[in-house]
Number of protein chains: 2
Amino acid sequence: MRLFLVDDHPVVRAGLVALLSGEHDIDVVGEAPGGEEALRAITVRTPDVVLMDLQLGDGIDGVEATRRIRELPSPPQVLVLTTYESDADIMRAVDAGATGYLLKACPPEELFQGIRAAARGETVLSAKVATRMMRRMRDPGTALSAREVEILELLASGAGNREIARRLFITEATVKTHLVHVYSKLGVDTRTAAVTAAVERRLIRLP
Amino acid sequence: MRLFLVDDHPVVRAGLVALLSGEHDIDVVGEAPGGEEALRAITVRTPDVVLMDLQLGDGIDGVEATRRIRELPSPPQVLVLTTYESDADIMRAVDAGATGYLLKACPPEELFQGIRAAARGETVLSAKVATRMMRRMRDPGTALSAREVEILELLASGAGNREIARRLFITEATVKTHLVHVYSKLGVDTRTAAVTAAVERRLIRLP
DNA sequence: CAGCGGATCAACCGATCGGTTGATCCCGGG
DNA sequence: CCCGGGATCAACCGATCGGTTGATCCGCTG
């Protein structure tokens, strides 16, 4: 099974290579520190699975890299391996076409099995990630939509309604409508309280 | 030279061991995923240098672990190796007794040299970290007063000016004056942006 | 197909916020 | 003793926000 690594930290790439050297059915056929380099290399190394970090320093981020990889002809599976478990990160990664979402805190054996499962095209999620997704499914009444989470992230950056509208290519009226829903679902009535509630519930993550 | 690793991610520990195996003057004499385990192990492994991550999952964080290690009799040097370069993290780590502060994004060779320098008791800083510290020294006018931090904490709870005034037994006018100063010092112009800036700088902590 | 929920937009209005100017009080250092 | 800085308060005003009502469009599901 051919595996390609994408992570901006040399230490992590070296660690993955070292850990995977004991798994003889998994061959690391290449690695890259950023999304652009990965896209170029993947077309010639033809991996079965790409192990992708979401935070990639400068250049495109892991979500955008995942999206472009999945748009290639006969693309490899993309398995996200990252530190954070916010709804915003998970939803975006899945939307971009990721086959799975594992946390770096997971034990190595779970990582190995995840890579093999991803190669078979199976969806693989860390226990904590799966729990979060399940809770979202069970009570969709209180779960925020993807759009509402986008609003929250811009809210957390300190943007006003006009700025949010501009960045999402919608009108202020729509932003306000979303905000009313967000406030209602989080049980708050100010933008600041919404941000702190969202951070505490791990809906979003402060950079 | 005897080195001890503290990092909650098995992948990172394996990576460091793999990278350092090529440096024959550096012996990894132990490793731990958390601060408590590290403290117990260090007393018997007697390393010269401890390589410390700041984010350690559950339990005490890297700063607190560093402080306790430096309180041991004839303690090892502690070299911080972490992902972030926020002013607050740097200041807190240095205050806790860290010998140096390196970023995980740095090239491995810089890491090797840093470990050797730390073993000699020299202070070692990543270039970006050194730049931030210099700017911090030159511009101390951004320190918030105790009262302003109190205001920020109530701000983060989502309280309006009236509520803040009531809880601090002052008038709304005074709250507004404090807010103007807080905005100015943090370089923002909305309450929400002030909260996120304050959280990132660790001036306040979300519950 | 009918209906539901999500996303979009509009208009209105009172409440709150952000910015400005100016003032008093008190403490501690030069 | 005077000065600076922090904390306190006041009044004003334009901008923004929060709440409400109502509407259209689209995709999914029973």
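Naming: A, B, ... by sequence-line order, numbering from 1 per chain.
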Atom-pair distance ([atom1] on [X]; [atom2] on [N]), nearest Å:
X	N	atom1	atom2	value
B/I164	C/dC17	CD1	C1'	11 Å
B/E172	C/dA15	CD	P	13 Å
B/L168	D/dC9	CG	C1'	15 Å
B/R162	C/dC17	CZ	P	8 Å
A/N161	C/dT8	CG	P	14 Å
A/K185	D/dG18	NZ	P	17 Å
B/F169	D/dT8	CZ	P	12 Å

For A/D58, does the CG atom sit with more than 12 other heavy atoms under 6.0 Å from it, leaving out its own atoms?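 Incorrect, the count does not exceed 12.
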Do the side-chain N and O atoms of B/N161 and B/R166 include a donor-acceptor pair separated by under 3.5 angstrom?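 No, no side-chain donor-acceptor contact under 3.5 Å.
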Any idea which of D/dT8, C/dT8, C/dT16 is nearest the B/I170 side chain?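 Of all the options, the side chain of B/I170 is nearest to D/dT8.
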Decide side-chain contact (heavy atoms from CB on, under 4.5 Å) for B/V49 and B/M1; before the verdict, give the C-alpha distance in whole Å, the side-chain angles of both, and the deciding distance to 0.1 Å. CA-CA 8 Å; B/V49 177; B/M1 210 236 35; 4.1 Å; yes
Listed by chain and number, what are the side-chain contact (heavy atoms from CB on, under 4.5 Å) partners of B/L56, not counting sequence neighbours?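 side-chain contact (heavy atoms from CB on, under 4.5 Å) list for B/L56, sorted by chain: B/V6, B/M52, B/D53.
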Step-by-step side chain to side chain donor-acceptor pair (under 3.5 Å) determination, A/T83 to A/Q55: CA-CA 9 Å; A/T83 306; A/Q55 287 78 35; 5.1 Å; no
Enumerate the residues from residues 149-160 of chain A whose closest heavy atom to DNA chain C is under 4.0 Å, giving them by residue number; use none for an empty result.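 Nucleic-acid contacts, sorted: none.
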Any residue of residues 186-195 of chain B with a heavy atom less than 4.0 Å from an atom of DNA chain C: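 Output list: B/D189, B/T190, B/R191.
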What parts of residues 174-181 of chain A reach DNA chain D, counting only heavy atoms under 4.0 Å away?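 The stretch gives A/K176, A/V180 as the residues lying under 4.0 Å from the strand, ordered by number.
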Using a strict threshold of under 4.0 Å (side-chain N to carboxylate O), is an ion pair present between [Y] and [X]?
X	Y	value
B/D61	B/R67	no
B/R167	B/E163	yes
A/E153	A/R92	yes
B/R116	B/E122	no
A/D87	A/R202	no
A/E64	A/R68	yes

Under 4.0 Å between a side-chain N/O of B/R147 and OP1 or OP2 of D/dT8, yes or no?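 It does, given that an N or O in the side chain of B/R147 lies less than 4.0 Å from OP1 or OP2 of D/dT8.
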One character per nucleotide, please: for nucleotides 25-30 of chain D, 5' to 3', B when the base has a protein heavy atom closer than 4.0 Å, S when only the sugar-phosphate does, - otherwise. ------
Report the C-alpha distance between B/T174 and B/T177 in whole Å, list the side-chain angles of each, state the deciding distance to 0.1 Å, and finish with yes or no for side chain to side chain donor-acceptor pair (under 3.5 Å). CA-CA 5 Å; B/T174 306; B/T177 302; 5.8 Å; no
Between B/A146 and B/A173, name the one whose nearest nucleotide on DNA chain D is closer to the 5' end.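 Taking each residue's closest nucleotide, the earlier one in sequence belongs to B/A146.
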Global bending angle along the helix from C/dC1-D/dG30 to C/dG30-D/dC1, which compares the axes of five pairs at either end, to 10 degrees: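 Axis-to-axis angle, ends of the helix: 40°.
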